[in-house]
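For reference, the structure discussed in these notes is given below.
Numbered from 1 within each chain, the chains take letters A, B, ... in sequence-line order.
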Amino acid sequence: MTASGTDPAIEARGLTRCFGDLRAVDDLDLVVPRACIYGFLGPNGCGKSTTIRMLCGLLTPTSGSARVLGCQVPEEAERLRRKIGYMTQRFSLYEDLTVRENLAFLGSVYSLRGTGLEKRVDGQLERFALDDRADQVSGTMSGGQRQRLALAAATLHEPELLFLDEPTSAVDPESRRTFWEHLFEMVDQGTTILVSTHFMDEAERCHRLAILDQGRVVADGVPDTLMEELGATVVQIESDRSRTIRGAILKLSQVWHVAQLGNRLHVLVRPDLADPVGLIEARANGIDAAARVSIVPANLEDVFVMATEGAPETADAG
Amino acid sequence: MRDSLGRIAAVAGKELRHLRRDELSRAMILGIPLIMTLLFGYAINHDVRHLPAGVVDLAGTSASRLLIAEVQASRVVDVVERFDAVDALETAMARGRISVGIFVPADFERRLVHRDRPIAQLLIDGSDPVVQSAARSLQLLPLAQAQRSGPRFEMRVYYNPERRSPVFIVPGLTGVILNLTMVLFTAVAIVRERERGNMELLITTPVGALELMVGKILPYMAIGYVQAVIIMSLGVWLFDVPILGNPVDFAAGVGLFILATLSLGLVISTLATNQFQAFQMTFMSFLPQLLLSGFMFPFEGMPVPAQWLAELFPLTHFLRIVRGIVLREADLLLLWQDVWPLAAFFVVFLMAATIRFQKRLD
Ligand SMILES: Nc1ncnc2c1ncn2[C@@H]1O[C@H](COP(=O)(O)OP(=O)(O)O)[C@@H](O)[C@H]1O
Ligand SMILES: [Mg+2]
């Protein structure tokens, strides 16, 4: 998806933002190619919103620089405004105005007038299935409806670049699915989208991804590549006594990380281990626990764990 | 330029929609002027009775005694003391024993005939607005001796020489009420958007700081006029306040004053971090204006530093403008000395608010 030849939509170098002693964003480098969905994956408080705000020109970086659509931010933020859409993490439309009034207000702020404005508003209402709610006060709508309205508002002026800050946090799975369909549709038309999330499955849908932790980018790339090049072998254990097994295998120095999912254990082990399945089966037999052990492909959660916790330093042969 | 006007109109239209949906705002638009005018209005109503009065009758003729009897018959005053000289009467007033003095000069009979000068003087304790307005009704008393038009009583207000007439109180009250409501409206206008999270979206749009400020002021300008009309109408209907002076000049003065107070509110809104703080700052800015502007207490009686301070308040200048228009029938050009400070206040505070309002979150 890298658009060779043209400038990337976003290019940031050494972007840093401090709040007092806290480095909310720490020396962040970022290249977002045009016409792709770029994901920011990370837990709450890792600096996703702060980064997006700096890229929109709403927050001044403590140090570092960023070019967004050819505009230096925050210096040229005013020129940038027309070209970007921003869907804030918190619902930021007017709760006492109706759906149509909200869209009409934003449209006129973006200099749409008369029939042009009406057409565009009607178009958005239809596209985001809000036509039957057009005259409802937005404060009384459900999470999914609000989210569609917020996206309709952010895309009303047909921006080249769309920032979406945790757009699906307050939304049911069905709404999330249709939401992503909208995003892919927009990317097909050439829009660049930067979306932050803390959902792994959502991050997997992105063309590219940056994993953030405590203000730093700990991994970035195409999700498939990140998962393929994990730097660890993933072993899955199914057993009725998974908790006991967990305690036992955690003592092995070759085992880096164990996560439990119901009856299953998801285990990261050293990649250079010749027979991880054999090793774990032996261990399970040793404590008389019946277990089905197999090697499975890595998922983004594993990438995240590896990126944030990494391979233990003390992991020498054992 | 057209884009800019369009954005201002969009912001103004949106503000009006908020107002239409917000019951508290609607209540404030109508309720505050109604309640405050009624409260203050009863302080200037005409039904005050039995004010203690002192009399100095230097003429001592039957006609002068008749005059005093008629004043007494109006039941507005009760003559409680008689004095030989004005000095004694003034002392009694200063001590608070009487609040109205009736002075009949020695040449009373001659004055009655010639009608070139007032026939007698009413001396009034102006520190109490109730007394002042009540005495006004005395002034208009149809005295048998002076049926034909011409000066009757000359009224002299003591301790409050500035406010010669209650016709000033209602227009002045317009200023006081507008000062409170206008600042209150715009003080929360920006804070509210920040509190509700709308600001982060708004500053991402192309709307400029000045456009936002002007757009937020415009609807309240109209509302300010609505309030002014409510107050003046109440004054006319309930309290028989005559409308004096040129209404166009008065309207222009009101408009300028509204702009000044709205811009003060905007500055407060950029300083406050939440609506509660905005309310506090509004009242903190309102009280000194109410006390020092000359509405409550005579301006000349204040210490000089307080007078300097009062010169900074829009209300001080507005009251002078109103007084000029209503009492002296002056036009705005004549009142330039108080017009330009209002205009300057508006421009400076609008700029301050615009500069303080950063399209940033940090
Ligand atoms: N205005 C602010 N003042 C102080 N600290 C802030 C401010 N905004 C964010 N932070 C802090 O910066 C860190 C990153 O926040 P944020 O970017 O909102 O994270 P995320 O969006 O990934 O959840 C958090 O620890 C947060 O508390
Ligand atoms: Mg966030």
Between Thr88(A) and chain B, with a heavy-atom cut-off of 4.5 Å, which part of the residue counts as in contact: side chain, backbone, both or neither? side chain
Is it true that, when you exclude Phe276(B) itself, more than 12 heavy atoms of the residues, nucleotides or ligands shown sit nearer than 6.0 Å to its CZ? no
Most chain B-contacting option - heavy-atom pairs closer than 4.5 Å, from Glu78(A), Arg113(A), Glu101(A), Arg82(A): Glu101(A)
Segment of Phe91(A) engaging chain B (4.5 angstrom heavy-atom cut-off): backbone
Heavy-atom pair count under 4.5 Å with chain A, highest-scoring of Val11(B), Ile203(B), Leu202(B), Asp22(B): Ile203(B)
In Å, rounded to the nearest 0.5 Å, how long is the span from OH of Tyr94(A) to CZ of Arg17(B)? 12.5 Å
So for atom CD, which belongs to Glu195(B), do other residues, nucleotides or ligands contribute more than 12 heavy atoms lying within a distance under 6.0 Å? yes
In this structure, OG of Ser108(A) is separated from CD1 of Ile8(B) (nearest 0.5 Å) by 12.5 Å
If I measure from the heavy atoms of chain B, does Leu80(A) come under 4.5 Å with its side chain, its backbone, both, or neither? neither
On a heavy-atom basis, which atom in Arg81(A) and which in Thr204(B) lie closest, and how many Å separate them? CD-O, 3.1 Å
At their closest point, which heavy atom of Tyr110(A) faces which heavy atom of Pro206(B), and how far apart are they? CE2-CD, 3.2 Å
Side chains of Arg21(B) and Thr98(A): does their closest heavy-atom pair fall under 4.5 Å? yes
For chain A, find which of Arg7(B), Glu211(B), His18(B), Glu193(B) contributes the most heavy-atom pairs closer than 4.5 angstrom. His18(B)
Looking at Ile84(A), Leu93(A), Val137(A), which makes the most heavy-atom pairs under 4.5 Å with chain B? Leu93(A)
Say you draw a straight line from CG of Asn102(A) to NZ of Lys14(B); how long is it, rounded to the nearest 0.5 Å? 9.5 Å
Taking all non-hydrogen atoms of both residues, which atom of Ser92(A) and which atom of Leu201(B) are closest, and how far apart? OG-CB, 3.3 Å
One pair to check against salt bridge (charged side-chain N to carboxylate O under 4.0 Å, His left out): Arg196(B) and Glu95(A). What are the steps and the verdict? CA-CA 9 Å; Arg196(B) 295 187 183 167; Glu95(A) 298 200 4; over 6 Å; no
Does any backbone or side-chain atom of Arg17(A) lie under 4.5 Å from a heavy atom of chain B? Answer side chain, backbone, both or neither. side chain
Residue from Arg79(A), His157(A), Arg53(A) scoring the most non-hydrogen pairs under 4.5 Å with chain B is Arg53(A)
Within-4.5 Å side-chain heavy-atom neighbours: Arg90(A) and Glu200(B): no
